[in-house]
Amino acid sequence: MLDLRYVVDHLDEVRAGLSRRGAGATVALDELAPLSIERRDVIVKLETLRAKKNEVSAAMAKVDKKSDEFAKTRDEMRLVGEQTKELEAKQKAVDAKIEELLLYIPNVPDATAPDGGGSDENQIVRTWGEAPKFAFAPRDHADLGVANNTLDFERGTKISGARFTVLRGMGARLERALMQFMLDVHSNEHGYVEIWPPVLIKDTTMRGTGQLPKFAKDAFRIAEWDENGEAQAYQLYLAPTAEVPVTNLHADEILDGASLPIAYTAYTACFRSEAGSYGKDTKGLIRQHQFDKVELVRFVKPETAQVEHEKLTSHAEAILQKLGLHYRVALLCTGDMGAVSKKTYDLEVWLPAQNTFREISSCSWFGDYQARRAKIRYRAEAGSKPELVHTINGSGLAIGRTLVAIYENFQEADGSIRVPKVLVPYMGGVEKIPAHGA
RNA sequence: GGAGAGCUGGCCGAGUGGUCGAAGGCGCUUGAUUCGAAAUCAAGUGAUCCCUUACGGGUUCCAAGGGUUCGAAUCCCUUGCUCUCCGCCA
């Protein structure tokens, strides 16, 4: 979330920044300024009373408890106590209102994020490789995977419902190979520390990175049984991305400035309800309730954030390059960017069957927005004031979509699929997934 | 699931109603000493929010939330978490 003081002191600037996201993003700002003044008034009154209480209480310790003077002061202070309680209740109410507003206000886009209303106004900043040429009509991954018996959509639906898929044989092996390969590259070549986090996470953790309260409907929440055997909502969510548990590793911490940047990579299964995406990408692996992803997370000093963001993006790109997959990098416009982000690059991989690029990674710089929510700070040097870190993360990469890209880009006329060279060792030496019975 | 113990500053650990942001120790920082280091000695060493141009002043924080009281780290209630033993379990 944004800093109340900063918002109120720079109202016009913040308003101008938020308005770039489109109408509606600035609505809450107008309520904030008067509330902030009210908050300060309450605090000043409250603290004056408390100071008096503390002063008098200290004096009373030395007074004879049976004296009239003691009784008189005590009665006076009883009144002060009541007033204090009223003011405390008022402060709580005002703070809650402010918090509520702030939690729903999105991040201010960075100046380098282009203006725009939707995905067609994103800027393509670079393109890598070339689209493969086929002497035949390329088939999509779902057809290939059903034919070679590595993707079982029907049984996925049978056991778990729509948007669940079973990987089988070399499909399952490829998924695992990709996970290992990505983690190896990031930890060995890019200097990330590997993390294996829980995927059931608390609501406060979801709040820290901004998934809650605004996007509650996008996440799965688990239930527990009450004494009547009824399912009751339980305060644990299925992580929609490793970003959530991994970023929150350092929640409520003051990090040593010398330890920055901290870089983590983590594989997790990811769970998304995909509310509001009915009818979209219903065929194949593109949009699932459960999918695998390797994530990259960096905690950095503010002054290095832009450079760090580019660096992280290049780390995600390296995976695509090593696999030999044609892709492009899109700088998202303000209207297409996530609410928490200041600036986002999407990596889009070429999918020949769809004759288009599809998102396979999203690399975002969040400024101090997540850090403020999650209270992730650092001390530049011994004795200096704690400051908020900047957080950056990105997929490195979405594994299911990578498998899709490999199937579609490396298919042969007979329906077999070439395994990218770098993955062959991870596939136990297999260089080609056969067209049938894989 | 059953029984018990506990949760205090970066760490260890005192503190059971007032003078406690909290003894003592460790760690850390600075200075002295040293050719330098170790050891030793001295001083300092949390966060939060509010007021103030500044200097500075004040508030809150002893797991969290509520309560009792003129006054709570200390008493009461609720919740969470940790540990030990038993049971169950991949």
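Sequence lines set the chain letters: A, B, ... in the order given, protein chains first and strands last, and positions in each chain run from 1.
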Heavy atoms of other groups near A:Asn188 CG, more than 12 under 6.0 Å: yes

B:U19 to B:G71 separation - C1' atoms, rounded to the nearest Å: 13 Å

Selection from B:C70, B:U59, B:A47 that lies nearest to any side-chain heavy atom of A:Pro386: B:A47

B:A22 pairs with, by Watson-Crick or G-U criteria that keep both distances under 3.5 Å: none

Between B:G46 and B:C62 - C1' atom distance, rounded Å: 13 Å

Presence of A:Lys85 side-chain N/O under 4.0 Å of B:G67 phosphate oxygens OP1/OP2: no

Exercise: do A:Glu310 and A:Tyr345 side chains pair donor with acceptor under 3.5 Å: yes

Closest nucleotide among B:G71, B:U59, B:A47 to the A:Ser57 side chain: B:G71

Between B:U74 and B:U69 - C1' atom distance, rounded Å: 13 Å

Whole-angstrom distance between B:G36 and B:U52, as gauged at atom C1': 47 Å

B:G71 - base-pair partner by Watson-Crick or wobble geometry, distances under 3.5 Å: none

Sugar-phosphate only, base, or nothing, as touched by A:Lys375 at under 4.0 Å among non-hydrogen atoms: nothing

Rounded distance (Å) that lies between atom P of B:C70 and atom CD of A:Gln83: 15 Å

B:C50 phosphate, OP1 or OP2, under 4.0 Å from A:Arg39 side-chain N/O: yes

Opposite nucleotide pairing with B:G46, Watson-Crick or G-U, both atom distances under 3.5 Å: B:C61

Pairwise 5' ranking along RNA chain B for A:Ala61 and A:Arg78, keeping only the more 5' one: A:Ala61

Partner nucleotide of B:C7 by Watson-Crick or wobble geometry (both distances under 3.5 Å): B:G80

Interatomic distance, A:Phe70 CZ vs B:G18 C1' [rounded to whole Å]: 9 Å

Sugar-phosphate only, base, or nothing, as touched by A:Ala51 at under 4.0 Å among non-hydrogen atoms: sugar-phosphate

Pairwise P distance, B:A90 and B:A3 [rounded to whole Å]: 25 Å

Short side-chain N/O contact from A:Asn54 to OP1 or OP2 of B:G58, under 4.0 Å: no

Nearest to side-chain heavy atoms of A:Lys385, which nucleotide of B:G46, B:C70, B:U48: B:U48

Plane angle bin for A:His190 and A:His186 - parallel if under 30°, tilted between 30 and 60°, otherwise perpendicular: tilted

Of the listed nucleotides B:G71, B:C50, B:A47, the one nearest the side chain of A:Lys53: B:G71

Complementary nucleotide for B:U33 - Watson-Crick or wobble, under 3.5 Å: none

Aromatic contact, A:Tyr192 with A:His315 (centres under 6.0 Å): yes

Span that lies between the P atom of B:U29 and that of B:G18, in whole angstrom: 37 Å

Pairing partner of B:G87 (Watson-Crick or G-U wobble, both distances under 3.5 Å): none

Phosphate contact (B:U48 OP1 or OP2) by A:Arg377 side-chain N/O below 4.0 Å: yes

A:Leu255 CG to B:A47 P, straight-line distance once rounded to whole Å: 15 Å

The single option from A:Thr268, A:Leu397, A:Thr241 passing side chain to side chain contact (heavy atoms under 4.5 Å, CB included) against A:Glu295: A:Thr241

Spacing between A:Leu79 atom CG and B:U69 atom C1', to the nearest angstrom: 15 Å

Aromatic ring pairing A:Trp196/A:Tyr267, orientation class (parallel under 30°, perpendicular over 60°, tilted between): tilted

Rounded distance in Å - NZ (A:Lys45) to C1' (B:G58): 18 Å

Pair partner, B:A39 [Watson-Crick or wobble, under 3.5 Å]: none

Nearest-angstrom distance, P atom, B:U45 to B:G56: 14 Å

Gap between atoms CZ and P, on A:Arg74 and B:G18 respectively (whole Å): 18 Å

5' priority, RNA chain B, between A:Ile43 and A:Ile254 [closest heavy atom]: A:Ile254

B:G57 and B:C41, which share atom name C1', separated by this distance in whole Å: 35 Å

For atom CG of A:Asp9 and atom C1' of B:C50, their distance in whole Å: 14 Å

Nearest to side-chain heavy atoms of A:Arg5, which nucleotide of B:A72, B:U68, B:C50: B:C50

Rounded distance in Å - CZ (A:Arg50) to P (B:U48): 17 Å

A:Ser395 side chain to A:Ser361 backbone, donor-acceptor under 3.5 Å: no

Whether A:Phe220 and A:His289 hold their rings parallel, tilted or perpendicular, with breakpoints at 30° and 60°: perpendicular

